[in-house]
Amino acid sequence: MEPRSVDPTDERVLERNYDYAQKNVRLLSMWYECETERMIELLAKHGIELSRNDWRRFGPYYRTIRRQSYQYTE
């Protein structure tokens with residue numbers, strides 16, 4: 001039986017990994033080996049809420065991405 005491949009950008013996997021990273025976008029982006037902005041985009045597109053600390057740092061960018069995501073779904 002082949003092991004199942006896990007999509008790291010799947011909403012549930014991403015949310016769980018954000019929890020494992022102690023709700024720290026910078027730490028999570030290091031795990032994913034991507035830019036912080038890209039990680040914020042992934043979290044925003046999946047509607048995964050930022051921690052209070054991350055919201056203070058990245059809230060405006062997160063909000064912009066969320067708005068754009070809503071526009072494309074309408």
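For clarity, every value in this text was computed on a predicted model and none was experimentally measured.
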Distance in Å, Leu42 CG paired with Leu28 CG, rounded so as to fall on 0.5 Å steps = 8.5 Å

Under 3.5 Å: donor-acceptor pair, side chain of Tyr18, backbone of Ser51 = yes

Heavy atoms only: give me the nearest Glu15-Ile48 pair and the separation to one decimal.
-> N-CD1, 3.6 Å

Below 4.5 Å, heavy atoms only, C-beta onward: do Arg57 and Thr36 meet side chain to side chain?
-> no

Taking it one step at a time, do Leu50 and Lys23 satisfy side-chain contact (heavy atoms from CB on, under 4.5 Å)?
-> CA-CA 7 Å; Leu50 296 179; Lys23 301 236 179 218; over 6 Å; no

Is Asn24 close to Asn53 at the side-chain level, that is, under 4.5 Å between some pair of heavy atoms?
-> no

Does some side-chain heavy atom of Glu41 sit less than 4.5 Å from a side-chain heavy atom of Arg38?
-> yes

Give a yes or no answer on whether the side chain of His46 reaches the backbone of Arg12 with a donor-acceptor pair at less than 3.5 Å.
-> no

All heavy atoms of Leu27 vs all of Ala21, minimum pair found to be CD2-O, 3.5 Å

Does a side-chain heavy-atom distance below 4.5 Å link Tyr62 with Glu49?
-> yes

Are Tyr32 and Asn17 close enough that some pair of their side-chain heavy atoms sits under 4.5 Å apart?
-> yes

Around Arg63, counting heavy atoms of other residues, nucleotides and ligands shown, do more than 12 lie under 6.0 Å from its CZ?
-> yes

Exercise: identify the closest heavy-atom pair between Asp54 and Val25 = OD2-N, 2.8 Å

Taking the side chain as C-beta and beyond, is there a heavy-atom pair between Arg52 and Arg56 under 4.5 Å?
-> yes

Scanning both residues in full, the closest heavy-atom pair of Arg66 with Gly47 reads NH1-CA, 3.1 Å

With the side chain counted from C-beta on, respond yes when Val13 and Arg16 share a heavy-atom pair under 4.5 Å apart, and no when they do not.
-> yes

Test side-chain contact (heavy atoms from CB on, under 4.5 Å) on Phe58 and Arg26 and set out the steps.
-> CA-CA 10 Å; Phe58 309 113; Arg26 289 187 181 165; 3.6 Å; yes

